[in-house]
Student: 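Before I ask anything, let me first share the structure, which is written out below as structure tokens.
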Amino acid sequence: MRQSRLFTKTSKNVPHDADSVNAKYLTQGGFVHQEMAGVYSWLPLGLRVLRKIETIIREELDKLGAQEILMSALQPKESWEKTGRWDTVDVLFKVPSQTGKEYALGPTHEEIVTPLVKSFVQSYKDLPVAVYQIQSKFRDELRAKSGVLRGREFGMKDLYSFHLTQEDLEAYYRKVLETYLTIFTRCGLEAKVVEASGGAFTKKFSHEFQVLTPAGEDKVLTSEHGSFAQNCEIATLKEGDKNPENGEPLFCSTGVEVGNIFDLSSKFAEAFDLAVTDENGERRTVVMGCYGVGTTRLVGTIVEASHDDKGIIWPIAVSPYHVHLVSLRSKDEETQSRINAVSQEIYEGLWAEGVEVLWDDRDASPGEKFADADLIGLPLRLVVSEKTLKEDSIEWKPRNESEATLIDTEDIIEKVKGMME
RNA sequence: CGGGCUAUGGCGCAGUUGGUAGCGCGCUUCGUUCGGGACGAAGAGGCCGUGGGUUCGAGUCCCACUAGCCCGACCA
């Protein structure tokens, strides 16, 4: 992508209402645009990050044998009345029709997926089954905040699994838990598995995946090394107590919940009478699990977890592009055309090797280009200038390092390929 | 949903006791610069959130509404 053609621009001005690092940098860098409180449009750079996260999630869930579907966002009121959630879920957006009917705008999809699966699953032989989707969710939050971390419209991956037995459900639940940790690691995040309340989903405890950062809104009781962690809303221990696992002291930190998994047991299956015939010819109610990952929230969380005072530092796996190729201006016409030619060659050469390059070919000053490169935060910056050409080289500077080095121009593509592995 | 703050060119802001709106960024043109957001000159761009009211006169004072943000509650 040639940056001169990118329709978004960076801004030197900090948005007046940016309340968090992610809102500030994502807006200034032109990744997202706020439309209303808690509602954002995703722009080319931001959308590329979101798509990469979604791809990671798809790859990992497909390995689990889950099948991707896309359910309706507009949902029938009757289904929500059937589960008793039409009047109890206060974040539910209720949409009136001109016909006088009302619909729900999906905050989650148990009310859709359960009857959906029922229409295909009648025998124990049809189980287990797991389906997922990546879709916009709508929740009428009284107070949206923290940029992309808590919105009224947001991207979410929701997975639902259906099992004949509680044991089978629990085994799958543990597999999803492991898969989620893989997903977050691949996104460059360190997530803690945290015991939490089941909320209105289930009376049982559930597990949350928390990324510890000051921007979070959850309080989590955790120890430095152990895997033990509890959401403070359910914690039986308190700060300063010893970790039952390894005796380490527990401390309270704030975290962002990037995922949550629930053992729903037969709650929704009962509401919709989702049952199968078992091998003895008897009807048995199915048990369910549901598992969510906030995709748009992940984008914001990564920014919160990985930035400095100049901008974002994208982990390469989710970076909108891998390389920021920066061509500097020269007043000398011949030098300028050499800079252009070398840049073009590297640009095309890298793309030919599958390396995604954002090429800053704009007619802008060096300072402006460097500042923008830091703000946008691609993992590697390559500079082509009069100075580097004199050495037949390209300047190499990783975003998370302060020192730049010169690399021979002819070696540059191989070296970048090496970094990608 | 309670409490508070804010609303002025695309963005960030100033605007005195009420007298007819200004700065920075960005944008256009020209020239000079060129390795960390360069400089000069000349331009374009505003019913001051909306609706009422007070006044000879309202960006400014009063009321209502709307929107954004903050604190809290809430967060299936």
Side-chain angles (χ1 to χ4, degrees), chain A residues 7-20 23-24 27-30 33-39 75 80 83-94 104-111 137-147 149-152 154 156 158 196-203 206 208 216-219 231 233 256-257 260 262 264 267-268 290 292 294 297 309-311 326-332 335-336 339 360 362-376 381-391 394-395 397 402 404 406:
Chain A
F7 94 91
T8 59
K9 292 177 193 163
T10 59
S11 172
K12 251 198 264 195
N13 292 329
V14 178
H16 79 282
D17 53 359
D19 61 324
S20 55
K24 175 176 187 280
T27 304
Q28 275 189 277
H33 182 258
Q34 185 179 21
E35 303 301 343
M36 297 177 266
V39 179
Q75 307 185 356
W80 283 81
T83 57
R85 297 209 291 182
W86 179 261
D87 293 314
T88 55
V89 175
D90 49 16
V91 297
L92 184 65
F93 273 111
K94 298 171 182 176
L105 205 46
T108 180
H109 276 73
E110 286 78 17
E111 275 77 359
K137 297 283 190 266
F138 302 87
R139 295 184 188 182
D140 192 8
E141 301 285 356
L142 287 175
R143 187 177 161 210
K145 60 173 182 173
S146 304
L149 294 184
R150 185 171 196 77
R152 298 197 167 95
F154 57 95
M156 181 171 153
D158 42 328
S197 93
F201 268 132
T202 169
K203 288 192 178 62
S206 68
E208 291 174 348
E217 49 181 2
D218 290 318
K219 294 269 181 244
N231 192 307
E233 68 188 11
V256 179
E257 180 196 324
N260 202 178
F262 298 88
L264 298 177
K267 176 177 163 122
F268 291 91
C290 77
R297 178 181 275 188
D309 60 350
K310 292 190 172 132
V326 177
S327 308
L328 297 189
R329 285 191 295 213
S330 169
K331 58 204 164 287
D332 180 65
T335 310
Q336 182 64 64
I339 290 173
D360 190 349
R362 298 173 303 166
D363 184 25
S365 71
E368 189 175 347
K369 292 191 171 201
F370 292 146
D372 277 348
D374 287 340
L375 174 62
I376 292 172
R381 188 186 79 191
L382 297 179
V383 179
V384 182
S385 72
E386 186 168 346
K387 216 164 84 176
T388 70
L389 285 188
K390 275 189 190 141
E391 310 285 333
I394 306 294
E395 181 189 282
K397 184 187 168 296
S402 53
L406 289 179

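Each chain gets a letter, A, B and so on, in the order the sequences are listed, and its residues count up from 1. Here the structure is a predicted model, which is why all the values come from computation and not from measurement.
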Student: Which nucleotide in the set B/G37, B/G35, B/G72 lies at the smallest distance from any side-chain heavy atom of A/Pro366?
Tutor: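 Of B/G37, B/G35, B/G72, B/G35 is nearest to the side chain of A/Pro366.
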Student: Once you apply a heavy-atom cut-off of 4.0 Å, does A/Asp372 come out as touching a base, just sugar-phosphate, or nothing?
Tutor: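 Base contact - A/Asp372 has a heavy atom under 4.0 Å of at least one base atom.
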Student: Could you pick out which residue, A/Lys12 or A/Asn260, lies toward the 5' side of RNA chain B when each is mapped onto its nearest nucleotide?
Tutor: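 The residue closer to the strand's 5' end, by nearest nucleotide, is A/Lys12.
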Student: Expressed in whole Å, how much space separates the P atoms belonging to B/G72 and B/A14?
Tutor: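 Their P atoms lie roughly 26 Å apart.
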Student: Between B/C39 and B/G24, how many Å separate the two C1' atoms, rounded to a whole number?
Tutor: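 Approximately 16 Å lies between the C1' atom of B/C39 and that of B/G24.
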Student: How does RNA chain B look in dot-bracket notation if pairs are Watson-Crick or G-U with both distances under 3.5 Å, crossing ones as [ ], other-strand ones as |?
Tutor: (((((((..((((.....[..)))).((((((.....)))))).....(((((..]....))))))))))))....
Student: Within the modelled atom types, does a donor on one side and an acceptor on the other bring the side chain of A/Arg362 and the base of B/G37 under 3.5 Å apart?
Tutor: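 Check fails, no donor-acceptor contact within cut-off.
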Student: If every non-hydrogen atom of A/Arg152 is compared with every non-hydrogen atom of A/Ala144, which pair is closest and at what distance?
Tutor: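 Minimum heavy-atom separation between A/Arg152 and A/Ala144: NH2-N, 3.7 Å.
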Student: Do we see a donor-acceptor contact under 3.5 Å between the side chains of A/Thr388 and A/Glu395?
Tutor: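 A/Glu395 and A/Thr388 do not have a side-chain donor-acceptor pair below 3.5 Å.
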Student: Between A/Arg297 and A/Val256, is a side chain to side chain contact (heavy atoms under 4.5 Å, CB included) present by the stated rule, with each step listed?
Tutor: CA-CA 9 Å; A/Arg297 178 181 275 188; A/Val256 179; 3.9 Å; yes
Student: When the P atoms of B/G52 and B/G10 are considered, how many whole Å apart are they?
Tutor: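 It works out to 23 Å between them.
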Student: Which of the following nucleotides, B/C13, B/G35, B/C34, is nearest to the side chain of A/Lys331?
Tutor: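 Nearest nucleotide to the side chain: B/C34.
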Student: Across the strands shown, which category fits A/Thr335 at heavy-atom distances under 4.0 angstrom: base, sugar-phosphate, nothing?
Tutor: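 If one applies the 4.0 Å heavy-atom cut-off, A/Thr335 turns out to touch nothing in the nucleic acid.
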Student: Does a side-chain N or O from A/Ser365 land closer than 4.0 Å to OP1 or OP2 of B/G37, or not?
Tutor: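 No, because none of the side-chain N or O atoms of A/Ser365 sits under 4.0 Å from OP1 or OP2 of B/G37.
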Student: Examine the side chains of A/Glu386 and A/Thr335 and answer whether a donor and an acceptor come within less than 3.5 Å of each other.
Tutor: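 No - no donor-acceptor pair under 3.5 Å links their side chains.
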Student: Inspect the contact between A/Lys145 and A/Glu217 and indicate whether a charged nitrogen and a carboxylate oxygen are less than 4.0 angstrom apart.
Tutor: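 Answer for the salt bridge query: yes.
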Student: Answer with base, sugar-phosphate or nothing: what part of the nucleic acid does A/Arg152 contact at a heavy-atom distance below 4.0 Å?
Tutor: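 Result for A/Arg152 = nothing.
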Student: If you check every side-chain atom of A/Ala371, which of B/G12, B/G37, B/C1 has the closest atom?
Tutor: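 In terms of side-chain proximity for A/Ala371, the closest of B/G12, B/G37, B/C1 is B/G37.
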Student: Quick check: on RNA chain B, is the nucleotide nearest A/Arg329 upstream (toward 5') of the one nearest A/Asn13, or the reverse? Name the residue that is more 5'.
Tutor: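 Checking each residue's closest nucleotide, the 5'-ward one belongs to A/Asn13.
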Student: Which part of the nucleic acid, if any, lies within contact of A/Gln34, taking any heavy atom under 4.0 Å across all strands shown: a base, the sugar-phosphate backbone alone, or nothing?
Tutor: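 Touches sugar-phosphate only.
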